[in-house]
Amino acid sequence: KVHVVGFNTEDDDVVARLKRMAESGGGAYIPATSAKDVQERVTAATVGEQDYTVLNAKNEVVLRGRLGDGKELPDGRYTVICGTAHQEIWITAGLATRIIVDQKKLAEMK
């Protein structure tokens, strides 16, 4: 798939051409006016818009968000829930933790 980003593009002819490019590549045209727009919309186009929930060791909800969000949590054991998938993780202060979501496997679980 080819996704096309139109960054601060207001010209109707240019937008129409970008949309045709995305369509012919089987992707999406993504209009954006800021870096945050680009990140959110590219994430939605490439991994799908998906909410997640984070539970603490007592199974209490401590965080909700969307894939691609960066959030901070204190040290500890957590369970990340995305769709029907559950993944246990450990958070350690000063270290970045990245969770990889396999959308194909997630879709198969539905």
Side-chain angles (χ1 to χ4, degrees):
K1 287 186 178 186
V2 176
H3 301 292
V4 179
V5 176
F7 196 76
N8 284 333
T9 306
E10 296 178 11
D11 183 289
D12 291 339
D13 291 333
V14 171
V15 170
R17 281 187 273 152
L18 293 175
K19 285 181 178 180
R20 284 193 302 274
M21 287 170 52
E23 185 178 306
S24 67
Y29 169 69
I30 302 167
T33 57
S34 70
K36 184 178 180 186
D37 284 345
V38 171
Q39 181 181 9
E40 289 174 355
R41 293 177 181 169
V42 168
T43 298
T46 57
V47 299
E49 292 190 43
Q50 186 69 263
D51 294 326
Y52 66 86
T53 302
V54 179
L55 308 176
N56 63 16
K58 297 176 184 177
N59 284 327
E60 300 167 330
V61 174
V62 294
L63 186 65
R64 294 183 192 276
R66 284 197 151 301
L67 294 180
D69 291 348
K71 304 287 184 177
E72 291 189 23
L73 291 167
D75 287 354
R77 181 182 67 82
Y78 297 91
T79 301
V80 178
I81 302 169
C82 186
T84 58
H86 292 66
Q87 177 69 46
E88 288 194 19
I89 63 169
W90 285 91
I91 299 294
T92 304
L95 297 177
T97 301
R98 179 171 290 187
I99 301 167
I100 307 297
V101 177
D102 185 331
Q103 288 289 328
K104 183 177 178 184
K105 285 184 181 177
L106 190 61
E108 290 170 358
M109 294 175 79
K110 290 182 178 179

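Throughout, residue positions are numbered sequentially from 1 according to the sequence presented.
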* Hey, what else clusters with L55 if you join Ile, Leu, Val, Met, Phe, Trp, Tyr whenever side-chain heavy atoms sit under 4.5 Å? -> V61, I81
* Asked: For the residue pair V80 and V54, what are the closest heavy atoms and their distance?
  -> CG2-CG2, 4.2 Å
* Asked: salt bridge (Lys or Arg N to Asp or Glu O under 4.0 Å): which pairs involve residues 73-83, sequence neighbours left out?
  -> R77-E88
* salt bridge (Lys or Arg N to Asp or Glu O under 4.0 Å): pairs with one or both residues in residues 12-21, sequence neighbours excluded -> none
* To do: Could you list the residues that satisfy side chain to side chain contact (heavy atoms under 4.5 Å, CB included) with S34, not counting sequence neighbours?
  => K36, D37
* Residues in salt bridge (Lys or Arg N to Asp or Glu O under 4.0 Å) contact with K58, at least two apart in sequence or another chain -> none
* Nearest 0.5 Å please: distance from the OH atom of Y52 over to the CG atom of L63. => 5.0 Å
* **Over all atoms of both residues, closest heavy-atom pair of W90 and T97** => O-OG1, 3.8 Å
* Under the 4.5 Å side-chain heavy-atom rule for ILVMFWY, direct or indirect, which residues accompany V2? -> V4, V14, V15, L18, M21, Y29
* Has E10 got more than 12 heavy atoms of other residues, nucleotides or ligands less than 6.0 Å from its CD? -> no
